[in-house]
Protein chains: 2
Amino acid sequence: MFSQAEENYIKTIYTLQNGTKTVINTNLIAYKINTKASSVTDMIKKLSVKELLTYKKYQGVQLTERGEKIALKVIRKHRLWEYFLVKKLNYSWDEVHDIAEQLEHIKSDTLIDKLESYLQFPKFDPHGDPIPDRDGKIILTKTVNLLNLKVGQKGTLDSLKDSSDVFLKYLNKKQLALRDRIKVIDIEPFDNSIHIETKTHQLVISKKVAENLNIKI
Amino acid sequence: MFSQAEENYIKTIYTLQNGTKTVINTNLIAYKINTKASSVTDMIKKLSVKELLTYKKYQGVQLTERGEKIALKVIRKHRLWEYFLVKKLNYSWDEVHDIAEQLEHIKSDTLIDKLESYLQFPKFDPHGDPIPDRDGKIILTKTVNLLNLKVGQKGTLDSLKDSSDVFLKYLNKKQLALRDRIKVIDIEPFDNSIHIETKTHQLVISKKVAENLNIKI
DNA sequence: AAATATATTTAGACTTATCTAAAACTAAAT
DNA sequence: ATTTAGTTTTAGATAAGTCTAAATATATTT
Ligand SMILES: [Mn+2]
Ligand SMILES: [Mn+2]
Ligand SMILES: [Mn+2]
Ligand SMILES: [Mn+2]
């Protein structure tokens with residue numbers, strides 16, 4: 001079994017690798033995990049000994065197969081718990097992340113499978129992110145970020161690049177939700193802000209917002 | 001906020017005090033928490049500084065009001081999660097304790113109240129133990145242990161003194177469940193074993209079993 | 001190619017929670 | 001009232017995970 005700290009490092013590195021085999025450097029991990037580079041070095045040495053990642057001094061790290069398996073298990077737990085919190089306990093999507101950060105570390109061979117079955121095998125979490133199945137298989141949806149759409153083009157809001165509660169609250173306020181059909185009305189060349197239209201209303205979003213919206217065409 | 005270790009000590013001491021103001025000694029805590037007396041001494045010093053208990057060297061400890069409040073919160077969480085696991089995830093009552101030991105430490109101001117509401121405010125956990133409300137109030141049911149019943153007397157199995165999975169599995173095997181109506185048929189003077197009758201069958205239980213069964217008359 | 005800036009690692013320290021072994025205290029027995 | 005037994009505390013060590021500050025390696029400029 002792995003400690004919470006170990007699981008968090010593995011999960012963070014997996015997320016940073018983002019499905020690819022990119023080498024991840026110490027500072028980036030430190031930033032994401034909100035700790036110091038020296039702590040990261042200590043931990044990746046440990047994880048390297050446990051063969052969850054490969055590590056060459058000064059050269060960054062890469063998860064092994066084993067490491068990816070662990071990461072996917074933790075992510076599976078995180079997302080299933082988020083789904084539970086929203087669907088069963090009536091939390092809103094911007095309130096569940098921190099609780100799921102804790103619940104994802106509960107150790108049990110059966111718990112998460114029973115939870116999944118109770119929730120009727122959801123495929124996506126409240127933020128549109130796919131939930132890995134018990135074998136670690138994951139549904140990859142092809143999306144582009146909203147910045148790539150041309151004027152007149154339409155697409156569906158599928159998921160988010162940034163799921164921080166600040167951003168989620170912004171989306172609440174602007175009445176943008178997953179599965180919304182979005183049409184690009186106009187693009188402002190000066191600051192790349194985008195005028196969009198949904199079924200119910202129109203609004204202007206900044207470049208920064210647009211690049212956090214993953215669109216399925 | 002308190003660490004998991006701190007919460008476990010407080011909860012254990014509360015359970016040992018058993019509603020009274022008994023002074024609890026170091027060795028007993030060590031035994032219950034499966035650690036060494038020296039570790040207990042270290043921890044109770046810490047908890048004493050935090051004013052969760054009063055402690056005089058060599059004289060044992062007693063929870064303060066504050067300490068009891070904390071204990072009741074942890075117990076509330078433990079029992080609500082156990083109820084969730086049995087009622088929603090279809091665990092059996094002998095499988096839930098270890099998972100609840102972990103879940104009881106999840107930190108959130110809202111989670112447990114939402115869970116309670118979702119579960120429709122259960123008053124007892126799967127082992128018949130009362131669930132404290134958000135203010136720490138607890139329903140005390142007056143019971144006696146089965147040893148105290150005389151031949152011919154009847155009562156209802158209300159809760160258990162020992163809820164270890166070994167004992168719970170014994171009860172499963174013997175088809176004894178909470179709320180069962182039990183009648184004492186005969187008491188064997190030699191070893192205090194008791195011949196009992198339920199709605200469905202008769203059986204003989206040992207003294208050790210009998211004293212773990214809390215009966216409501 | 002050297003100098004400078006940036007990134008990473010090492011060294012040493014700290015905190016929490018634990019342990020063993022020894023010392024100090026209390027309770028029980030003679 | 002001593003001795004003995006049992007309990008509790010202290011002293012010192014260890015492991016996990018973190019930190020700061022210094023040392024070292026790599027990358028970027030000049
Ligand atoms: Mn999340
Ligand atoms: Mn999510
Ligand atoms: Mn329990
Ligand atoms: Mn219980």
A:H105 vs A:N8, side chain to side chain donor-acceptor pair (under 3.5 Å): CA-CA, chis, key distance, verdict: CA-CA 9 Å; A:H105 301 295; A:N8 283 333; 3.0 Å; yes

Step-by-step side chain to side chain donor-acceptor pair (under 3.5 Å) determination, B:T141 to B:T143: CA-CA 6 Å; B:T141 308; B:T143 62; over 6 Å; no

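Regarding contacts with the backbone of D:dT8, a side-chain N or O of B:N27 is found under 4.0 angstrom from either OP1 or OP2. For B:N25, no side-chain nitrogen or oxygen approaches OP1 or OP2 of D:dT7 to under 4.0 Å.
If you measure from atom CD1 of A:I44 to atom C1' of C:dT9, you get 9 Å, rounded to the nearest angstrom. In this structure, B:I29 places its CD1 atom 14 Å from C1' of D:dT9, rounding to the nearest Å. Going from atom CD1 of B:I24 over to atom P of D:dT7 covers 15 Å, rounded to whole Å. B:N34 has its CG atom 13 Å from the C1' atom of C:dC19, to the nearest Å. Atom CG of A:L28 is separated from atom P of C:dT6 by 17 Å (rounded to the nearest Å). For the pair B:E7 CD and C:dT16 P, the interatomic distance rounds to 16 Å; values are reported in whole Å. Atoms OH (A:Y31) and P (C:dA7) sit 14 Å apart, rounded to a whole Å. Rounded to whole angstrom, the span from the CD atom of B:Q4 across to the P atom of D:dA16 amounts to 17 Å.
Ring pair A:H97/A:H78: centre-to-centre distance below 6.0 Å.
Judged by closest nucleotide on DNA chain D, B:Q59 is the one of A:K36 and B:Q59 placed further toward the 5' end.
B:D129 and B:K161 are not joined by a salt bridge, as no carboxylate oxygen comes within less than 4.0 angstrom of a charged side-chain nitrogen.
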Check nucleotides 10-12 of chain C against the protein and report each pair of N or O atoms closer than 3.5 Å, with its distance, or say if there are none.
from, atom 1, to, atom 2, distance (Å)
C:dT10, OP1, A:K57, NZ, 2.7
C:dT10, OP2, A:K45, NZ, 2.4

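Using bins of under 30°, 30° to 60° and over 60° for the plane-to-plane angle, the ring pair B:W81/A:W81 lands in the perpendicular bin. Between A:Y118 and B:F84, the ring planes lie perpendicular to each other; the angle is over 60°, past the 30° to 60° tilted range.
Listed nucleotides: D:dT18, C:dT8, C:dC19. Nearest to the side chain of B:T35: C:dC19.
Remark: A:K114 is positioned above the aromatic ring of B:Y91, its terminal NZ or CZ atom under 6.0 angstrom from the ring centre and at most 45 degrees off the axis.
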